[in-house]
Structures are given as structure tokens and as C-alpha cells.
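Notes follow the structure.
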Number of protein chains: 4
Amino acid sequence: MTNVGFIGLGAMGAPMAWNLDDAGFDLVVYNRTTDREQPFAEAGVSVADSPKHLTERVDVVCLIVSDGDAVQAVLERDLGILAGLDEETTVVQMSTIGYAETMAAAELVEEAGARFVDAPVSGTVGPAREGTLVGLASGPEGVVEEVRPVLEAMCDPVVHCGEVGQGTNMKLFINLLLGDAMGAFAEALVFGKANGLGVDDMLEVVENGALDCPLFEGKGALIADRDFDPRFPVDYQHKDLSLALDRAGDLGVPLSQTAAAREAFSAARGSGHGSEDMGAVIKPLEAVTDVTVEDD
Amino acid sequence: MTNVGFIGLGAMGAPMAWNLDDAGFDLVVYNRTTDREQPFAEAGVSVADSPKHLTERVDVVCLIVSDGDAVQAVLERDLGILAGLDEETTVVQMSTIGYAETMAAAELVEEAGARFVDAPVSGTVGPAREGTLVGLASGPEGVVEEVRPVLEAMCDPVVHCGEVGQGTNMKLFINLLLGDAMGAFAEALVFGKANGLGVDDMLEVVENGALDCPLFEGKGALIADRDFDPRFPVDYQHKDLSLALDRAGDLGVPLSQTAAAREAFSAARGSGHGSEDMGAVIKPLEAVTDVTVEDD
Amino acid sequence: MTNVGFIGLGAMGAPMAWNLDDAGFDLVVYNRTTDREQPFAEAGVSVADSPKHLTERVDVVCLIVSDGDAVQAVLERDLGILAGLDEETTVVQMSTIGYAETMAAAELVEEAGARFVDAPVSGTVGPAREGTLVGLASGPEGVVEEVRPVLEAMCDPVVHCGEVGQGTNMKLFINLLLGDAMGAFAEALVFGKANGLGVDDMLEVVENGALDCPLFEGKGALIADRDFDPRFPVDYQHKDLSLALDRAGDLGVPLSQTAAAREAFSAARGSGHGSEDMGAVIKPLEAVTDVTVEDD
Amino acid sequence: MTNVGFIGLGAMGAPMAWNLDDAGFDLVVYNRTTDREQPFAEAGVSVADSPKHLTERVDVVCLIVSDGDAVQAVLERDLGILAGLDEETTVVQMSTIGYAETMAAAELVEEAGARFVDAPVSGTVGPAREGTLVGLASGPEGVVEEVRPVLEAMCDPVVHCGEVGQGTNMKLFINLLLGDAMGAFAEALVFGKANGLGVDDMLEVVENGALDCPLFEGKGALIADRDFDPRFPVDYQHKDLSLALDRAGDLGVPLSQTAAAREAFSAARGSGHGSEDMGAVIKPLEAVTDVTVEDD
């Protein structure tokens, strides 16, 4: 049995760690604030007092924290992961961070003689609980295969996307498409409402056709209910579209729809909805058109 | 049992008529060219020699022809539907035509003392065969309910969208969203490929996430196979997006993503791919970026 | 000396007719409502009681009315131009109308044995008064040269754009560019204001650089003064951009910036500013960003 | 008389320094490579062997180098400006750099007890020679006024844009508008050409109307001549639009036309024209439409 460490017990990380525990791995957890560790301690899971000490006790270190700066801190600070690494350790970085940040983290880990897997996940808290996140794993074939059982405790499927960095690129790819789809859905709903169509009717038509998908079903119901509590907020979607457009600009790939989508999320930020759920991208459109997409 | 007439035995109309026959309706068919009537005659279905004579023999006349001009011709010519109408007849117009054309057809039918249902369908040949088209019915509640059994022989579900004209508007709504989604998918795939991601990997990630839907599954596989045989060609999608944008402009609803999508389809037309399947919207993007989204 | 008839004494037409009078042409005028004819009558200019009678008395008939329907009416009604034409007459159509309408008008005139020049003008009331409109003349070389002295009394320069229809296309070209430039200017001004820049400073920088032009100088001052009295209203600019995009779509020319500009004008319409000056395209942007571009 | 130092004798900097010399300032120059200093030495202008030694000899240090990294190097390296500063010195930073870089440079200079003016310029080599650059000066009123005579030797006008950072923001504002205008011009020209209009005719119409400006006159002639030698290359314009969109995104200002323009420049990069003049933004549009905008 593999010893697995898990760092970052937030909204996503905690259910992922529980899934590792359920799968029978010998688990050690760590979180920057101890309150998030408490339920694990109570359930008999080992808790480490620093990333360094966690790393010293396991073969595989999984890591999911808020952003690139947090990844850097967990790796590099005095009692950080790097301080506890040896050649047997594999670091599985699962946070959503930029491409350059991923490459920098990989370099640090590999310079320390250990192995690095870039493995962000696609999905929200629901799939995190159910173990059905899409794992976007990248790194050398052999290393990814070794940690596959660990990933499969949290993800289904696990897609091997290529060498280190490609998991991060795949995350940009899917979030670009999500942002575009959300923005287009908002335009379509406002268009339909301005034409006098009923919201329920529009959603029924979408759900019975070629675009039947969880995003439109879920966000359609939330918008109709005027529920904009943040699952994935406008600000995050705006940031991901910006990262994708920056990278596309570097590569000379013109993305005019995606660019229009980004500006729609920018409008939502400008009008004060940045911290609401991504469905709030519809609000500036509603304001200019003077309609509200809500249950009839 | 209701006597039902069906006019227009094309790629969509023929399987729809067979479904009416299978459902046990007393069916009379008509097509402008007699070769399409032949299989029906051989199976014992009545064939009329004109829309007028068909109309005289039935209670409900279903109609699905190529465009607004064809609808007008079938209604108004010497042996057209109008010549055979009486007050007991309901005309169910299922072709995809413009809003103004729908309203004009309704006026002609109602002036003749008969009843009109605006009922375009969403879906392609597959759902037409399986009877799972989405029926976008509109007209007075009572009239739509009377013909519902007829529609349900061809469609599942049948959505009552409101008064006459709203079925047509709903068709614009869903085709707007389809066009936007197709254009966004093309951008995402070219972005991913330019980053070195594998096509199969991208499709697997899409199919296991919040955007899992028949459109992306179907068009993704076709693009990867470089199969651009027309199911729904670029020219048609371009036309539907243009109709939607015209109507949005009339209403003052700004649709910047949809506008960008329309220009992407315009680029596909300009570079000679107008008669290929809508997936060919990816080709100008591939050309400018010098990548091809195909199986690895 | 040429006898010249002038039909349409509106805001543009009246100063154009005065310029013909000043240039010494033997002038006959006609307007649908007689109040606009009064000043001409008082100044000793001949007034005709119908387009037919005007046409019978002159060699060249100039025509500038509100839209394609008005052109058709002036040509075709009982006492219309067509009723008075002979083979010596040249009709110079100067209204801004669609390409198909231009071609239809040309056909009617030429079927009647007379000659047709398509000559819309670019410019507003100021240049109309000063005789510095840009004349966008098209038609057979010889015919255009014959009427050039007439056009030069109203326009400077007169550009011969090609065969009939190309004057109309040139008008679309220049109005497309005007709409794009206006929309871009609005974006830049809101961007600058949101950054805390002064409006006067921004205008000074524009006027001293590579973009120094009458449009930015004029509209910049009006926006800063919050003066949105219609010179060229949002609705007209929206219509011209729509015409250009329709034609571009037919030709397969993708115009993504122009498409974005059209949606910006659409937003201005949707938020109730359609009849204000085109500078009001800035208002929805200001609303979403919560800034006002006005004198400091 | 003020002693003035000038660092950075490139294509822009050299003529700017000559104008300072012509205006009678007691000038000291420095360039990283000595070949650019040679003409100044031959003309009797003092040459310093480091930014430090230059700074020690003057009251005002003007600086125009390639980018933010170069500014940082000139300030901070061993024999850099900071090493030579005293409380009497004013540093006038004229390079085009990012907002954060400007603020960082200002902080370094002010921490050293000296004064900082943020003063990028708008204009190309021609205005640099003629002393008609637009000076976008920002900083405390008194400090800007003190160095105004120095700026006026190189610029006409000098616009005081506000506190430090606003000069940099004004540069983004004007380059955003330039990029949008260039992209729109490209769309209009391809649209016109696809309609069969002559390039010379289009340019004549533009130059006689509300959009008559140096940009369209200059770039129009270059495009017609197929001259894409870099004055201001596609890559630079792409970068400036990206900087502006990033800042707009931070502020929640949606800029959909500007976003479309950026993607047009991205397409030019993707198809291999990044180092050509910004007019090459027209090339991907020409390719997709199969027309060439060139002299007839």
C-alpha cells in the first residue's frame, strides 16, 4: 500500500482527501489552518504539523491550494515540501495555476531529485465528493502510471495529457470552453426572453436537443431561480479566460468569440457582480435590454 | 382517428411521415416530385396529386418544405392548400422559415377560415427517424392541444412556445446557441491543438465534464475524422445566426459573442467551405494558426 | 447652361439645391411638402408641382430623399419622374439606399430610355452648405462626366467609383469605417476615464497625433458637453453597419470588429438611445462601468 | 540654463537628443552601445561613460529605452542612475512601459530622494525629428512645470496628464485607439475591395471626409504599395492592446471592439506577420477573402 500525503483541505481538497482515505490509502494530511484538519484527526487520519514532515512520511504528496503563490509557499518555505523530499517521492500538483508557475514548480521538485506530476482537476465540489473529477494528469508516462491508483481514488476518468505543463494547458482548454458556453447561453436566454419566450420552455428545448449538458441544465435552473451564490465566480472565469487569451496571443491563435466572452465577464465585474456565480454574466445583458430571465 | 395529410417528403419529412403512418393515422401524402412518394404508395399510403386535393381529404395538414418561398407556393398556387381548406382544417407549418413569413402564412390560413399552428422542429435526420425531434409548437392553446397527438407521433417532447410566431422564435433561439457553441468549440480545439494537446484527450475531457452533450461528441468525432459531409452546412448556420442577429438588432439586444460566431461562419464561407458541415467553421482558424485538429 | 431639377429639399437637399442655384444652373425644385419650397420660390427659383413636370423641364434630375421606399415613390407614382423622362434626361440618385434598391431604380430609369447615375454623398449638413460633400458617383464614364459640373456645384471632390452600384457600395464602405471608429472612440474614452484621465487631455492627445480627424474632434467635444442631439443618429449608424455586415456575409468577408461595433450600437438602441446622435454609443459602456465622459 | 542628460540614443531617442541640443541645453548623452554616441561626440556633445556619471553632471535625466527591463537596468545596475542621484535631480522617464513598471521606477527614484516624471511620448520617428511628439507628462504639477522647457524642446504639445502613472495610462489610451482604428481600416478596405471598389478611390473618399487623419493616409498608401517594412510592428501593437485589455479587465471595463482588434493582430502574428508593420493586420483578412488591397 502506498503512503499518501494530502496538502490543502479546502472546499475541493477535503472531499478529495476523504476519497483517498476511503480507498484505503495510508493517509497523512496537512492544512495551513488547523480547523480544517480537525475532522480528519477525529476520524483517525494522521495529521502532520508541516508540509516538510508530511513529505518525509509518504511516497506521494498531493497538493491542492488556492493559487500559484500558495503553491510556491508550500514548496519553498522553511518547513516546506522541498525540505522533506527524497528521490522516492512524487509530488502531484493539483491546484489550478498558470503554465509558467507549473513549470517553475516542476523545476524546483526535479532539482531536488524527486518526481513531479502536473494534475489539475476539472469539476466542482459535487464531483469532488463523488470521486468523478476529471483528472488532467501530465508528466512522464511511468510516473503518471505509478500514481494513477492515487488519482483514480479522486478522479474518474484520469486523462494523461502529455508531458508536464499539458495538464495545465488542458485545464485552460476546458475552462475556455466553459466560459464561452456560459456567455453564449446568457446571450441566447436574453435574446429569447426579449422575444417573449418562456424561460422554462427555453430550458426544456435545450435539454432535449444536441446541447443537453450539465452546465446548461445547472446554470439554467440557477439563473431562472435568480440564484447567483458563487459556485465558480465571475472573477475566476474572467481570470481563466484572460490566461487562455494571453497564451493564445503568444501562440498567434485568434479567438474572437472567446475574446467577446471575456469582455462579457469583464462587464459583469464592472457592474459589481465579480464575486457572484458565473451565471451572473447574464446581468449586464439583462440591464441593457431591460429583461430578467426568471421563472415565469 | 384523425385523417392527416403530410406535404414535403424530403430528408426530414419522409421519416416524419413514416412515423405518422406507424402511429396509425390515416395518412395522405404529397410531394412536389413523385419519386419521393413512390415508397409510400408501395406501402399502401394514399398519395394526393396536389396540396388542394390532399387538404380536402384530411383534418390536419402538416407541411415541411425547404424555405419561405416554398411554403408560400404550397399554400397559394392554383392547386394549393388554401384552395382546399375549410373551417375544420388545421394547417401545421413545420418548415424553418422567418418570423415575418410565418406570420404571413398564418394570416392567409386564418383568412380562409381555417386554423394555423406554427411548429418548426429542432433536430436532424436521426431524431426525425426515431420520433424524438423537439417540436416547437405555437398557436392557440386549444388548437395546439388538438393536434398534439399528431405532433407526438413525430416529436418528443412537444413544447408549447406561445402564440403563433413563438415556435419560429424558439427555433432561432436554439440555433443561435448551436452556432455559438459550434464556433466556441472550434476555437477551443484549435487553441488546444496549438498547445500540443491530443484531440482524443480533449474530447475525452469534454465528454466527462459539464459540457458533455451530443453536439460536442458528434462534431468532435467528425472533425477528428476530417469528415465535413454536410449534415447542417455552414451556409445554413450562417443564415440562422444572421436572422437571429437581425431580430436582436431590431429589439436592441446586443449579442457580441453571437456576432463573433457569425463572422467565423462568414470566414468559412469566404474560404470556400459554405456547403460543408458546420464543423468546417474550424478551417479558417486552422489555416491561420497552421494546425489541423485530427486524430493523433 | 444645363437645366437642373432638384427633388428633396430636406436638411441635406436644401443647401445642396442652393449651391446649384449659386453656381448659376437654371434650377427647378420640388418637395413633397410645399413649405420647404417656399424659400426657393421667394428667391425666384422655379418650383414644379410634381416630379413629372419637373423632369419634363430639365436635362438632369437630382434626387435626395429619405430612403428606398421614397425613391421608388418619386420615380413610379402617377406624376413621378418616370412619367416625365425622355432619352435626353439623366437621373442622378443621391439618396442613401441599399444596393438592390439602387439597381432596381437604375433598371426602371434605363428601361424608360433615360440615363442613371448612382451618386450618394458622404458628409453632413456642414459640408452640404459649403459644397464640400464627397460625391460618390458611379455609372458609365461618359454619363458621369456629363453631370460632373452639376455634382461639383455640391461636392468636392467627386469620386467616380465605377459602374452603377459602386457609389452605393462606397457609401457602405465609408459608413462602416465611421461606425467602427465611433465605437472604438467610445471604448477608448471610457477606458481612459475609468483610469482617471481627463477628457480634455484625452481629446488634446488625439488631436495632436496620427488620429487627428474631424470625427474625433467633433464627436469628442459633443460627448464632453453631453450633447447628443441627433446629427447622425444611433439608429442610422446601426442600420448602415447592418447593411454592410449583410453584404459582407454574402461575400464571405469576416468583419469581427465591425460586428462588435454593430452590437455596441444595438446596445445603445436597447437602452433607449436609438434616436440620439451616434456619440450616444458610449452610454451603455458608461453605464456598465459607472463613469461619465464629460468635461472635468 | 539647465544641464540635461539623455540616455538611450535609438531611433526615437537620437533625434530627441538632437532637438535638446538644438534648443541650447547643455547636453550630456549616454547609450549602452557606443556607436550611437559617436555622432554626438563628433558634434561636440558631452558623452558620459555610465548612467551614474551622466546623472552626477546634470539636473534633469531623460531616459528612453526599449522596455521595462531596460529601464530597471539603467536605474539599478552598479553604475546606474540611482547611484548618481541627488535631491536636485529630476528623472524624466520617456520609455513606453507598463503601469506597474512605471510605479516601481518612480518609487526607486523617490526613495533616493530625487524627483520622477512619467512622460512617455506618442508619435513616430518623423515627429521625433520635427519636435512634434505628443508629450504625455505626469507627476506633481511643480515638477512637471520645471521640466516643461526640456520636454517642449522635443514635444509639441506637452500634455500634463495627472499624477505619476497617468502618462503611462494615456499612452495605453492612445495606442488602444490606434490599434482599433488600424484593425477597422483593414476590415473596411477588404470589404471594399471584395465589393470591387478601387483602392485609390477608397483612400480618396477617406481623406476627404470626417476620418481624414495621418494614420489612414499613411497606412493606406503603404498597404496600397504593399510596403510592410516595420514602423510600428504588429507584435508591438498586439502587446499594447493586450496591456490595455488587461488593465480594462482589472477595472471591469468591457471593450469588445478592442478585444476583436487584438485577435486580428493575433491572427497576423499566427500567420507569420508579427514583425511586419501594423498594416499587415490586413493580411489574414485578405487571405480568407482571397483579395489583395493594392493599387489598381
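Letters A, B, ... mirror the listed sequences (proteins, then strands); counts begin at 1. For the numbers below, each heavy atom of this structure counts, side chains included, while hydrogens, waters and symmetry mates do not.
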Is A:L176 in contact with chain B via its backbone, its side chain, both, or neither, using a 4.5 Å heavy-atom distance?
side chain
Salt-bridge criterion met for B:D240 and B:K171 (N-O under 4.0 Å)
no
Against chain A, label B:V134 side chain, backbone, both or neither, depending on which of its atoms sit under 4.5 Å from a heavy atom there.
side chain
Please determine whether the number of non-hydrogen atoms from other residues, nucleotides or ligands lying under 6.0 Å from atom OH of B:Y99 exceeds 12.
yes
Side-chain donor-acceptor contact under 3.5 Å, A:N169 with A:Q166:
yes
With chain B as the partner, which of A:A186, A:G192, A:A248, A:G165 has the greatest number of non-hydrogen pairs under 4.5 Å?
A:A248
Options A:C213, A:A181, A:A194, ranked by heavy-atom pairs under 4.5 Å with chain B, top entry:
A:C213
Hey, mind stepping through B:M16 and B:M94 against side-chain contact (heavy atoms from CB on, under 4.5 Å) and telling me if it holds?
CA-CA 11 Å; B:M16 291 164 73; B:M94 307 184 84; 3.7 Å; yes
Below 4.5 Å, heavy-atom pairs only: which of B:G209, B:G252, B:A184 has the largest tally toward chain A?
B:A184
Could you tell me which of A:L177, A:L136, A:I174 has the largest number of non-hydrogen atom pairs under 4.5 Å with chain B?
A:L177
Out of A:V291, A:L251, A:V205, A:L178, which one racks up the most heavy-atom pairs below 4.5 Å with chain B?
A:V205
Measure B:L285 against the heavy atoms of chain A and call it side chain, backbone, both or neither at under 4.5 Å.
side chain
Would you say B:E294 has more than 12 foreign heavy atoms packed within less than 6.0 Å of its CD?
yes
Taking atom types as modelled, is there a side-chain donor on A:T292 or A:E286 under 3.5 Å from an acceptor on the other?
no
Quick check on the interface: out of B:G135, B:G198, B:A264, B:A260, who has the most heavy-atom pairs with chain A under 4.5 Å?
B:A260
Name the option with the most non-hydrogen atom pairs under 4.5 Å to chain B; the candidates are A:D180, A:V206, A:N195.
A:N195
Residue from B:G123, B:A261, B:C161 scoring the most non-hydrogen pairs under 4.5 Å with chain A is B:A261
Of the listed A:D290, A:L215, A:V288, the one with the largest count of heavy-atom pairs under 4.5 Å with chain B is A:L215
With a 4.5 angstrom heavy-atom cut-off, which part of B:L133 approaches chain A: side chain, backbone, both or neither?
neither
Which of the residues B:A244, B:P127, B:G162, B:A259 is involved in the greatest number of heavy-atom pairs with chain A at under 4.5 angstrom?
B:A244
Just grab all the side chain to side chain donor-acceptor pair (under 3.5 Å) pairs involving residues 116-144 of chain B, residues at least two apart or on different chains.
B:D118-B:S138, B:D118-B:T168
Could you tell me which of B:L197, B:D156, B:T289, B:D200 has the largest number of non-hydrogen atom pairs under 4.5 Å with chain A?
B:L197
Any idea which of B:G196, B:G183, B:G179 has the most non-hydrogen atom pairs under 4.5 angstrom with chain A?
B:G183
So with a 6.0 Å cut-off around CZ of A:F232, is the heavy-atom count from everything else above 12?
yes
Main-chain N/O of B:Q257 paired to A:E187 side chain as donor or acceptor, under 3.5 Å
yes
Do the side chain of A:Q93 and the main chain of A:S95 share a donor and acceptor less than 3.5 angstrom apart?
yes
